Amino acid sequence: MRSTTIELAKKLAKRLRSDLAEAGIEITHSFALELIAHQHGVRDWNELSARSSHGPGRTQTVDVVTQPMTVGELRGLLEGVPDHAEVHATHPDSPLPSATASMLPATGGHVRHDSRQDVDQFVLLSEFGTGRYQAPAEATFEVERFSEEAADAEQLFAAVSAATEHLRGGAAYRAGRDDAAGRITWTWTSDSTPLAPILDAARKAFSDLHPWGWRVIEDPAPLAVNPPYGRILRHLAR
């Protein structure tokens, strides 16, 4: 599809509607928009609008309106379904209308109360399918302050971050400072980028700076991470 701005597409729809009116064919503006979308090889106007806002170097804005299913509607759909039938849940890979969906086994459910809307909700739980998965490698470098007269935390944070930046490659990176607890933590996660050189660079930056009142925690406590599906685990073919 050629790059087309929303403004241009709307002008084309207006011209199409006008030309058809002169030929004695009356259509609505919304139908003209759908026809323009079809001319650009997409399913509908919503998809054309979403794609047109996603040019190189630009963020994508997609308006999504979702109406949850009710328990009564679910009961109606289950009428006549045998008891031994498995339940699976799907989730879209993106909010675009043309996005594919991943399927996950449903493993349970529970009722929760939404206090903001004052309504009960049934939450269907799902989990990764049966199989073998590989978690990416993770490396953590953590330091702690042991003296009230310790060197400036901001300088230490900047030095280690700068020393490791060029080595990160495709590794996911997160860093945090807990000034109250006197800790700074850097964590890298990757299934392709070697992490040992990053850790070596972090240790060297700390050693070169030699910040008074700080020390390296050799065995940092594991971080509690609950990453989104598709990002942290990779399915391995048997």
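Sequence positions, counted from 1, serve as the residue numbers for this chain. Just so we're clear, the structure is a prediction, and the values are computed from it rather than from any experiment.
Side-chain heavy atoms closer than 4.5 Å link hydrophobic residues (I, L, V, M, F, W, Y) into clusters, and following such links, even through other members, never connects V87 to M103. Residues L12 and I25 share a hydrophobic cluster, clusters being chains of Ile/Leu/Val/Met/Phe/Trp/Tyr side chains in contact below 4.5 Å.
Using a 3.5 Å distance cut-off with no hydrogens or angles, the side chains of S161 and Y173 do pair a donor with an acceptor. A donor and an acceptor atom, one from each side chain of E142 and T185, are located under 3.5 Å apart.
With hydrogens and angles disregarded, no donor-acceptor distance shorter than 3.5 Å links the side chain of S115 to the backbone of D118. Side-chain N or O atoms of W214 include one that pairs as donor or acceptor with a backbone N or O of A151 at under 3.5 Å. S207 places no side-chain N or O within 3.5 Å of a backbone atom of R203 that could act as its donor or acceptor partner.
The salt bridge (charged side-chain N to carboxylate O under 4.0 Å, His left out) test applied to R15 returns no partner, not counting sequence neighbours. The salt bridge (charged side-chain N to carboxylate O under 4.0 Å, His left out) check on D179 picks up R177, with sequence neighbours excluded.
Counting all heavy atoms, side chain and backbone alike, L156 lies closest to W186 at O-CZ2, 4.1 Å. The two residues D114 and Q121 make their nearest non-hydrogen contact at OD2-NE2, 3.4 Å. Closest non-hydrogen pair, A171 versus L195, comes out as CB-CD2, 4.2 Å. The minimum heavy-atom distance linking A21 with E26 is given by the pair CB-OE2, 3.9 Å. Considering all non-hydrogen atoms of both residues, G169 and T193 come closest at C-OG1, 4.1 Å. Counting all heavy atoms, side chain and backbone alike, I27 lies closest to A32 at CD1-CB, 3.8 Å.
Counting non-hydrogen atoms of other residues, nucleotides and ligands closer than 6.0 Å to CZ of F31 gives a total of 12 or fewer. Atom CD of E148 has 12 or fewer neighbouring heavy atoms from other residues, nucleotides or ligands inside a 6.0 Å radius.
Rounded to the nearest 0.5 Å, atoms CD1 (I184) and CD (E154) are 10.0 Å apart. Taken from CG in L124 to NE2 in H110, the straight-line distance is 10.0 Å, to the nearest 0.5 Å. Taking OG1 from T187 and CD from E138, the interatomic distance works out to 5.5 Å, rounded to the nearest 0.5 Å. Expressed to the nearest 0.5 Å, how far NZ of K10 lies from CG of L33 amounts to 7.5 Å. Within the model, atoms CG of D120 and CD of Q117 stand 11.5 Å from one another, a figure rounded to the nearest 0.5 Å. The OG1 atom of T107 lies 12.0 Å from the CZ atom of F128; values are rounded to the nearest 0.5 Å.
In the hydrophobic clustering, where aliphatic and aromatic side chains (Ile, Leu, Val, Met, Phe, Trp, Tyr) are joined below 4.5 Å either directly or transitively, L125 groups with V123.
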request  = For side chain to side chain contact (heavy atoms under 4.5 Å, CB included), just list the numbers for M69 and L77, CA-CA rounded to whole Å, side-chain angles, deciding distance to a tenth of an Å, and then say yes or no.
outcome  = CA-CA 11 Å; M69 177 187 296; L77 292 174; 3.5 Å; yes
task = Would you please test W188 and L199 for side chain to side chain contact (heavy atoms under 4.5 Å, CB included) and show each step?
result = CA-CA 9 Å; W188 303 270; L199 277 179; 3.9 Å; yes
request  = Please report the C-alpha distance between R183 and I217 in whole Å, then the side-chain angles of each, then the deciding distance to 0.1 Å, and finally whether the side chain to side chain contact (heavy atoms under 4.5 Å, CB included) criterion is met.
outcome  = CA-CA 10 Å; R183 288 199 174 195; I217 302 176; 3.5 Å; yes
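Using a cut-off of 4.0 Å between Lys/Arg side-chain N and Asp/Glu carboxylate O, K204 and D208 are scored as salt-bridged.
Residues L16 and Q39 are not in side-chain contact: their nearest non-hydrogen atoms beyond the backbone lie 4.5 Å or more apart.
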